[in-house]
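Along the sequence shown, the residues carry numbers beginning at 1.
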Amino acid sequence: MTTVPLNFKTAPGHQILAAAGKTVLRPGGRAATEQLLDWANFQGGETVLELASSFGESAIAIAQRFGVRVVGVEKNPQSVERSRQNIRAAGLESQIEIIEGDIFHLEEIPGEFDYVLAEAILTLQSLPGKTKLVKSIRQKLKPGGKFLSQEMLIRDKEEEIHKVLAQVIRVNSSPLSLTHWQELYAEAGLQVQQTDSGGMELLSLKQLIRDEGLGGTIRIAKNILSNPPLRERVLEMRRTYLNYQKELGYVTFCAIAQ
């Protein structure tokens, strides 16, 4: 399959970070994901729908650790093919299915699920897009099922930050306040059961080492230093997060389908 070269000037922020070698692209990092998994309290044989499943790493880890069945939805055909290769290599083809599809058409996926997992997905949507997607998520959950999510959190200067993030990340990134996130879920029939939040440290040295390990952090640094256009974009994002460190953070939710 032919891979289209990445345009470092126009590519979305998550693609830039992935090109730098970053494997954990969620705002709260591995620690926030572990919090979600703890809240989930998965039981063997239950079903999980993962949105934007990328290369299948999360699906594989969850299936191996908890014995659940995972269905992933991924729009990028190259990512779908790579994820299926990873699943075959892990010997989990009977436990994990990756569907090439659009997260805005979840109605095309048969059945209901015990859990829906979405990390750093809703932040990237417009408010109407957020509303539509959360309602679709509720419809894919069994009654009493859990929606597990982590997103960017905004504490102040909402309009200003939305404009800055759109310029820096090159997508319509629009984090919400804690109250607005909770209202969004409530309107869709999801009752927030547990929540936690922290600072936006996605590109801090401390979180890089925690998420990627020392070797991974060194590899990322080498990739950035050796590629000026890539370096320019990564440093631009890092400066933005530092400039708004008091106003930006991450938030995790475990919400129950009513």
Side-chain angles (χ1 to χ4, degrees), residues 26-29 31-43 46-53 58 62 68 70-73 101-162 165-166 171-200 244 246-258:
R26 303 174 291 275
T33 296
E34 286 299 318
Q35 177 67 83
L36 293 176
L37 301 183
D38 182 58
W39 286 340
N41 190 28
F42 295 120
Q43 303 298 310
E46 291 183 320
T47 55
V48 181
L49 176 63
E50 183 187 14
L51 306 190
S53 53
S58 294
I62 293 170
V68 294
V70 184
V71 174
V73 183
D102 191 330
I103 59 174
F104 281 96
H105 293 285
L106 296 181
E107 73 280 356
E108 297 177 0
I109 299 174
E112 295 179 331
F113 295 81
D114 297 296
Y115 308 89
V116 174
L117 174 65
E119 298 188 89
I121 305 300
L122 291 168
T123 295
L124 302 180
Q125 316 304 327
S126 65
L127 184 56
K130 287 180 174 66
T131 301
K132 179 180 179 180
L133 186 52
V134 174
K135 288 181 178 178
S136 296
I137 288 168
R138 168 61 191 90
Q139 292 170 357
K140 296 310 298 179
L141 280 167
K142 297 176 182 178
K146 295 179 180 180
F147 176 41
L148 308 165
S149 66
Q150 70 159 301
E151 298 294 343
M152 288 178 67
L153 175 70
I154 195 164
R155 299 185 178 96
D156 196 10
K157 301 180 181 179
E158 185 170 350
E159 184 175 347
E160 176 183 337
I161 290 175
H162 285 175
L165 289 179
V171 293
N172 185 25
S173 180
S174 54
L176 301 178
S177 68
L178 178 60
T179 298
H180 287 157
W181 279 121
Q182 291 174 321
E183 289 175 348
L184 179 72
Y185 290 0
E187 290 171 2
L190 294 164
Q191 181 180 359
V192 174
Q193 184 182 55
Q194 292 165 298
T195 184
D196 195 12
S197 62
M200 182 62 179
Y244 292 101
K246 293 182 180 179
E247 293 84 15
L248 276 175
Y250 76 88
V251 61
T252 51
F253 291 104
C254 176
I256 309 299
Q258 300 298 293

Under 3.5 Å donor-acceptor, T47 side chain and D114 backbone: yes
Salt bridge (Lys or Arg N to Asp or Glu O under 4.0 Å): pairs with one or both residues in residues 181-190, sequence neighbours excluded: none
Residues in side chain to side chain contact (heavy atoms under 4.5 Å, CB included) contact with S53, at least two apart in sequence or another chain: E50, E74, I98
Under 3.5 Å: donor-acceptor pair, side chain of H162, backbone of P175: yes
Interatomic spacing from OG1 in T179 to CG in L184 - rounded to 0.5 Å: 12.5 Å
Inter-residue atom distance W181.CH2 - L122.CG, 0.5 Å rounding: 5.0 Å
K140 versus G111, closest heavy-atom pair with distance: NZ-O, 2.6 Å
Crowding at CD, Q191 (>12 non-hydrogen neighbours, <6.0 Å): no
Student check: side-chain heavy atoms of C254 and Q35 closer than 4.5 Å: no
Full working for side-chain contact (heavy atoms from CB on, under 4.5 Å) between L176 and E158: CA-CA 8 Å; L176 301 178; E158 185 170 350; 4.3 Å; yes
With sequence neighbours excluded, residues passing ring-ring contact (aromatic ring centres under 6.0 Å, His included) with F147: Y185
Pairs involving residues 105-133, ordered by first then second residue, that meet ring-ring contact (aromatic ring centres under 6.0 Å, His included) (sequence neighbours left out): F42-Y115
Heavy-atom pair with the smallest gap, counting every atom of K142 and A257: O-CB, 3.6 Å
Nearest atoms (heavy-atom pairs only) where A40 meets K146: O-NZ, 3.1 Å
Over all atoms of both residues, closest heavy-atom pair of G101 and V73: O-CG1, 3.6 Å
Test item: Q258 side-chain N/O and I256 main-chain N/O as donor-acceptor pair under 3.5 Å: yes
Criterion side-chain contact (heavy atoms from CB on, under 4.5 Å) on M152 and M200, from CA distance to verdict: CA-CA 8 Å; M152 288 178 67; M200 182 62 179; 4.2 Å; yes
Straight-line distance of L141 CG to L49 CG, nearest 0.5 Å: 8.0 Å
Interatomic spacing from CD1 in I161 to CD1 in I154 - rounded to 0.5 Å: 4.0 Å
Donor-acceptor contact below 3.5 Å, side chain K130 vs main chain S174: yes
Closest contact, heavy atoms only, L133 versus F104: CB-CE2, 4.0 Å
Donor-acceptor under 3.5 Å (T252 side chain, D196 main chain): yes
Any residue meeting side chain to side chain contact (heavy atoms under 4.5 Å, CB included) with T33, in chain and number order, not counting sequence neighbours: R26, L37, E119, Q150
Over 12 non-hydrogen atoms of neighbours within 6.0 angstrom of CD in E159: no
Separation between OG of S177 and CD of E247, rounded to the nearest 0.5 Å: 14.0 Å
Contact summary for V48 and L117, nearest pair of heavy atoms: CG1-CB, 4.4 Å
Main-chain N/O of T123 paired with E151 side-chain donor or acceptor, under 3.5 Å: yes
For K135, side chain to side chain contact (heavy atoms under 4.5 Å, CB included) partners two or more places apart: T131, A188
Rounded distance (nearest 0.5 Å) linking atom OH of Y244 with atom CG of L165: 8.5 Å
